[in-house]
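Following: one structure in structure tokens, then a few remarks.
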Amino acid sequence: MGIADLVGFAGAALVIAAVGVATGRLAALGRPWLGLVGAACAAMALLPVVPLPLAGSLRGVTGDLSVTTLVLLTRFVLRPAFDWKPLEARSALALQCLVTAGGLLLYPLTLGLGLWDPYRLGYGELWFLGALVALAAVILFFDLFFVTVCLALGVLAWSLGVFESRNLWDHLLDPLVFVWGLSALLLRSARALRRATRRGAIGFMSGAESSS
Amino acid sequence: MRGRGGRRRLLALGLSALAFGAGFKTAFERLPPSAFLATAPAEGGPGEPSFRTAFVSRQHDVTAHAASLVELGDGRLRAFWFSGSHEGALDVEIVSATFDPERETWSESTVVAGPETTERALWRHVTKVGNPTALRTTDGTLWLFYVTVSVGGWGGSSVSLIRSSDDGETWSPPQRLIGTPFFNFNTMVRGAPFEYADGTVGLPAYQSLLRGFSEVLRIDSSGAVIDKQRLSRLGGGSQPAIVPTSENGALALMRPSGQPAPRRVLISSTRDAGGHWTRPGKTSLINPDAGLEGLALGDGRVLVALNDVDVERDALSLVVTDDGGKSWTTVHLLEDQRAARSQPADNDRYARTVEALARATDDSIADPSRYVTSSRRFMCWEPRCHFEFSYPFLIRTTTGEFHLLYTWNRAYIKHVRFNQGWLDEGLAGASRGDR
């Protein structure tokens, strides 16, 4: 088993541990229990059963996950154990916007919509890397530490070649984190719309009351 | 707080500088584009016309499909195909056999890869395998690519690679190629890989979901995908056959998946070794959305084997172009059972025809009825039984002889050998004209 397999297995185990922790949260388990559930799920995922550990079966479906997802999952699984604060709202929003924008650009075109394939840029295209430097500068300027860490670790992992893929995109983005970003943004938008509608309704009602 | 924020910003800056420094180093060190590897001209002249046939696969009542072929270092040939109870079944394996040109015999087939061995080596779930395609590079390494599926049908496919440094006696553990960012799903292979001048390998690939499209993957000596080029958009042609014609020129011929009838083979070309490909256009070659394969004859002409019919796969032709795909001449019609389409369903006649075709392929066959049973298993559905001669794979050996493998009624792999003399004879007899 090479280092790429270890990274892949760790990612799949993290997904299973995260599902365990999320379920534990829904069941209103306490902090120490959540940590225990996460560890137990990760251990179960890596249990050497024939023909493959559970993480191997999952890995067959999801492929290997990006650094961004690995960092997010690690934070989510370990947070109860270390009592970390929730992800800063600004950083979460920025990350959600970036992975959603990246996915909306990448996936339709990669699935054959047109002759231009942005995935090709990830094989070391200099201007793509330059664009990411500019993005990193903007993120640094706005002091979005967590996003900077995700981006930098993604580029570093690509340079070190520790993943199965040689494509930079695969280190920054995967369908799981894209779905997370997109659904979070949709939820935010729905909530904002509901608030605006409620404010509008209240304004309308108070306006109606004052005019009556 | 300000101190902690400052330290955090400094850490982020340092990490970014380190990451992008390493990133630019990696980007600068990536392999530059390379020319295609020019193939050495074949030895000898055209010779007396020669044409021989045989069956490669000998097992009955199993499916045999998607053959590929390489010439080994000692002049033997090695074929690969997939075999099992039916296409996509869990028991399908990649099998191989060798052909001894001196004795003119094929060896028994042996299993090269299967879902279980692939799953164990890749440390991930694999349910089925298919479509092997092989290349022997100039350093003597055999590269065998095949499709693996972890979930669902062919849409959930990715490509695995095994290599051999002893001409297929032993194989490396499989490694998985990363072809797409979407769970690495939906990359398939079929056409012959080719070599670049710098030792990297070009792999014609396609995506089968929706209406499919074509691309070329470039693979380095470690077996990793280091570049890819899009040949067509969704519905613009799939399953490409790449035919390098010079150091910088190549044709890409694609089956017309997703194209409205009348379907024509699609063509794209490059003059800068794949740096840029022209927008795919229709050729005059009719095709029922079936695989094809071609090779350059070294004199500006390109020879292609395909089902040159509008529906079904019951006829197989060899065609030639000498003007980069603008016009085509049919050299030989290798198989033709189109007449059966218009005949009333008749089981006995089908059996007689299959027996005759089997004996014509190999007159030493002891029991041709087994070929009938196998063909019926895969080719009979209401209202009649069909014929299929599909998925050609064509190579030319260093001696100048041509070898063509193709699927025979989904149950066998047929081998056709011919020489330049036989090809020239067909060309002389063919009436020239744009089609």
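Being a predicted model, the structure only gives us computed values, none of them experimental. Every chain is numbered from 1 and lettered A, B, ... according to where its sequence line falls, protein lines coming before strand lines.
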Looking at [options], which one has more heavy-atom pairs under 4.5 Å with chain B than the rest?
| options | value |
| --- | --- |
| A/G114, A/G154, A/A136 | A/G114 |
| A/L113, A/L132, A/D174, A/L65 | A/L132 |
| A/T148, A/T110, A/D170 | A/T110 |
| A/L168, A/N167, A/L111, A/L151 | A/L111 |
| A/W169, A/F9, A/F178, A/W116 | A/F9 |

Can you tell which part of [X] gets under 4.5 Å to a heavy atom of chain B, answering side chain, backbone, both or neither?
| X | answer |
| --- | --- |
| A/F141 | backbone |
| A/L58 | neither |
| A/D143 | both |
| A/L106 | side chain |
| A/F128 | neither |
| A/D5 | side chain |

If you take all heavy atoms of [X] and [Y], which pair is closest and at what distance?
| X | Y | result |
| --- | --- | --- |
| A/V155 | B/G23 | CG1-CA, 4.1 Å |
| A/W158 | B/A27 | CH2-N, 4.2 Å |
| A/G63 | B/R176 | CA-NH2, 4.0 Å |
| B/L122 | A/R59 | O-NH1, 3.4 Å |
| A/P175 | B/P181 | CD-O, 3.7 Å |
| A/V133 | B/F20 | CG2-CD2, 3.4 Å |

Is it the side chain or the backbone of [X] that comes within 4.5 Å of chain A heavy atoms, both, or neither?
| X | value |
| --- | --- |
| B/S222 | side chain |
| B/F24 | both |
| B/R30 | side chain |
| B/F182 | both |
| B/Q175 | neither |

[atom1] of [X]: more than 12 outside heavy atoms within 6.0 angstrom?
| X | atom1 | value |
| --- | --- | --- |
| B/R271 | CZ | no |
| A/R90 | CZ | yes |
| B/W123 | CH2 | no |

Within-4.5 Å side-chain heavy-atom neighbours: [X] and [Y]:
| X | Y | answer |
| --- | --- | --- |
| B/S150 | A/V61 | no |
| A/L140 | B/L13 | yes |
| A/Y119 | B/I178 | yes |
| A/F145 | B/L11 | yes |
| B/V225 | A/Y123 | yes |

Kindly compute the distance separating [atom1] ([X]) from [atom2] ([Y]), expressed to the nearest 0.5 Å.
| X | Y | atom1 | atom2 | answer |
| --- | --- | --- | --- | --- |
| B/S16 | A/L135 | OG | CG | 10.0 Å |
| B/R218 | A/R120 | CZ | CZ | 9.5 Å |
| B/E29 | A/S159 | CD | OG | 10.0 Å |

* Count the heavy-atom pairs under 4.5 Å between each of B/D227, B/L15, B/T127, B/N184 and chain A, then report the option with the highest count. =>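 Looking at each of B/D227, B/L15, B/T127, B/N184 in turn, B/D227 comes out on top.
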* Among B/L177, B/T180, B/V151, B/D220, which residue forms the greatest number of heavy-atom pairs with chain A at distances under 4.5 Å? ->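 That would be B/T180.
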* Going by an N to O cut-off under 4.0 Å, is there a salt bridge joining B/R124 and A/E164? ->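 Between A/E164 and B/R124 there is a salt bridge, with a charged N closer than 4.0 Å to a carboxylate O.
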